[in-house]
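Structure first, commentary second.
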Amino acid sequence: MRTPALKYIVEAALLAAGGPLKVEQLMELFDEGERPPKQDFFKALHDLADDYAGRGIEIKEVASGWRIQVGEVMAPWVGRLWEEKPSRYSRALLETLALIAYRQPITRGEIEDVRGVTVSSSIIKTMLERDWVRVVGHRDVPGRPAMYATTRQFLDYFNLKALDELPSLAELRDLDALTAQLDFGLPAAEVEEES
Amino acid sequence: MRTPALKYIVEAALLAAGGPLKVEQLMELFDEGERPPKQDFFKALHDLADDYAGRGIEIKEVASGWRIQVGEVMAPWVGRLWEEKPSRYSRALLETLALIAYRQPITRGEIEDVRGVTVSSSIIKTMLERDWVRVVGHRDVPGRPAMYATTRQFLDYFNLKALDELPSLAELRDLDALTAQLDFGLPAAEVEEES
Amino acid sequence: MSEAQRQAVPPDAATDPPTERQADVAHMNPNVEHPQQAEMPFAIVQGAPVTQIPQDLYIPPDALEVFLEAFEGPLDLLLYLIKRQNLDILDIPIADITRQYMHYIELMKDLRLELAGEYLLMAAVLAEIKSRMLLPRPPSEDGEEEDPRAELVRRLQEYERFKKAAVDIDDLPRVGRDLYPVGTELAERKVLKLQPQVDLQELILAFRDVMARADMFSSHQVEREPLSVRERMSQVLSRLTPGSFTPFVTLFDPEEGRQGAVVTFLAVLELLKETLIDLVQNEPFAPIHVKAAGQG
């Protein structure tokens, strides 16, 4: 059996170790008599770095040695390995979002006026993080509260070209009447037609 | 940012997962709308296998899915990363394991019948702790002895995808030869039905 | 035979009246490498000189105990005895094997090895087979005779195949010995939180509910602008750079046509009404500029 190329031994060791290894540790993998000189190990590490270019994995020297890591470019896919199962949004969040959509630009205080309860900061934060709403300015009243509006991402998510594709309140009222009249359950089909 | 090639996403995921992933799990890394068809994933896995040829790492399907592993060719070097020698298992344990693997579900009494000696509790305990075997039920005979079977972890550990990849059992020789030789008129069938 | 070999033979083995135990120990003596060349017997067994020991039985005396303990039970020991003499498992000379088997049992007893009951049970089984072999066999019910060894042969073979299977399993490439699972870090390992899915219908129903509740609490109905205007209000606001002036005309996109211009204009008027923006014109017919209200 032929001895594999040094860079592949280094690669295998770094992969199997699952964490950083110092060059000295890599050298320890060889019997003294067969140990390549230190600079060969550095060359191997750099050769590997070249090999990995464009592949989403990279070789990096950190405090405790060299390690192979999956680069940030892969995070959108690889990160999903550890993702948590989604929960459902609260009623409060949906109502707040609906008010921002229908009444934008709107401040937190104005949302609270309509809902009759305080809007928690975490709800606003969630919607900001999701890029569904953003601050478009500040109302020129004491405290200069932020005004929220929906975003392009919001429209994309709900598959709308523009906000006016949302059913109007009047239409919603009609729907209510219709529902009561025909004794429907939730008017799923009717509402979807509007979107 | 351009989406990396599928095989590199697959590679990054398998590396980052640190354990086997099924093709279904790999597919879950993509949003439904952007998910490549299943056969593309198989192609990616096979392309990676080709890429790895001669490099001391390999891609292998075991019971829990596909994994990247450092192959036997690297053992002389990579094995040195760990001070401790890999554990050796006693013949008693291996024989007991072989009986469970080939004859599952099997009770301790049935194992003892074949081996001709008592199976020590520590052997069963070791295998249960290693998740190689588990109790899959109880035989409906007096004492209701536990029936043991091997697990996915057993297959993963021994680099197998399924039980049928186990080396085949030696044939039982029937006693026809003996019968003819000794002119006993021995009913061979009685022996054969045991095999 | 070399001097060393001569000396290795216990002196009393050849001179004193041999006991069976001594014979057994001598029988195992591994220092006799070429017994077939021996001039004199190295052991006397049951009064007969023994000049041969099995070729494969070469064990340092210290290892004798280890060797005996290595047997996985009576079947394993029997298999060893059969293999050692190249016997066909289907045609075991029962008398021979029984005698050898008993030697080992005695040896184990003498070495005070913990002797499992199974070994003694097997001794009884062997003795029984031996006696049945000697006796005329009574025909069984279907008139056929059964070889008294059949059951033993079956068990030996069955055990042998699993003994082999155990070796096969041990030879399989194994994690941690022959292969190593790989692992890498993710450069930035963030736990991605999957976002909950929201249906448009949910959103609309939420709005309907919140408005229905608001209706119950408020005495006046807020007049609603068309949504397109409110949307445009947001767009206009977001285009304004805080603290600087934006030319009024740049808020209009000719590609949107007349309808678009009207919506933008209504949005600007609405923003003015809500004092969210200021319009500035330095002199008549000069360009109009827009800036977010209250920011200098």
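So that the names make sense, note that chain A is the first sequence line, chain B the second, and so on, each numbered from 1. No hydrogens, no waters, no symmetry mates; every other heavy atom, side chains included, goes into these values.
Only the side chain of Leu160(B) comes within contact range of chain C, judged by heavy atoms closer than 4.5 Å. Contacts of Ile89(C) with chain B are made by both backbone and side-chain atoms, with heavy-atom separations under 4.5 Å. Heavy atoms closer than 4.5 Å to chain C are found in both the backbone and the side chain of Thr118(B). At a 4.5 Å heavy-atom cutoff, the contact between Leu166(B) and chain C is made by side-chain atoms alone. Heavy atoms closer than 4.5 Å to chain C are found in both the backbone and the side chain of Arg115(B).
Of the possible polar contacts, none joining the Arg174(C) side chain to the Phe158(B) backbone as a donor-acceptor pair under 3.5 Å is found.
In this structure, OH in Tyr180(C) is found 11.0 Å from CE in Met74(B), a value given to the nearest 0.5 Å. To the nearest 0.5 Å, atoms CZ (Phe162(C)) and CD1 (Ile111(B)) are separated by 10.0 Å. Atom CG of Leu179(C) is separated from atom CD of Glu58(B) by 6.5 Å, given to the nearest 0.5 angstrom. Arg155(C) CZ to Asp113(B) CG: the interatomic distance, rounded to the nearest 0.5 Å, is 7.5 Å. One distance of note links CD1 of Ile169(C) with OH of Tyr102(B); it measures 5.5 Å at 0.5 Å rounding. Taking CZ of Arg177(C) as the reference point, atom OG of Ser87(B) lies at 9.5 Å (rounded to 0.5 Å).
When all heavy atoms of Ala166(C) and Ala98(B) are compared, the pair lying nearest together is N-CB, 3.9 Å. Between Thr184(C) and Ala16(B), the shortest heavy-atom contact is OG1-N, 3.5 Å.
Side-chain atoms of Val175(C) and Gln153(B), non-hydrogen and from C-beta on, never get closer than 4.5 Å to each other. Pro74(C) places a side-chain heavy atom less than 4.5 Å from the side chain of Val117(B). Proximity of Leu75(C) to Val114(B): side-chain heavy atoms (C-beta onward) are nowhere separated by under 4.5 Å. Proximity of Leu172(C) to Pro167(B): side-chain heavy atoms (C-beta onward) are separated by under 4.5 Å at one or more points.
Counting heavy atoms of neighbouring residues, nucleotides and ligands inside a 6.0 Å radius, atom CD of Gln39(B) exceeds 12 of them. Surrounding CG of Asp253(C) are more than 12 heavy atoms belonging to other residues, nucleotides or ligands, all under 6.0 Å away.
For the options Asp156(B), Leu99(B), Thr96(B), heavy-atom pairs under 4.5 Å to chain C are most numerous at Leu99(B). By number of non-hydrogen pairs under 4.5 angstrom with chain B, the leading residue of Pro173(C), Gly117(C), Gly183(C) is Pro173(C).
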**Report entry** From CA spacing to verdict: side chain to side chain contact (heavy atoms under 4.5 Å, CB included), Asp170(C), Glu95(B)
**Finding:** CA-CA 10 Å; Asp170(C) 201 25; Glu95(B) 288 179 10; over 6 Å; no
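Ion pair Arg91(B)/Asp76(C) flagged as a salt bridge, since at least one NZ, NE, NH1 or NH2 atom sits closer than 4.0 Å to an Asp/Glu carboxylate oxygen.
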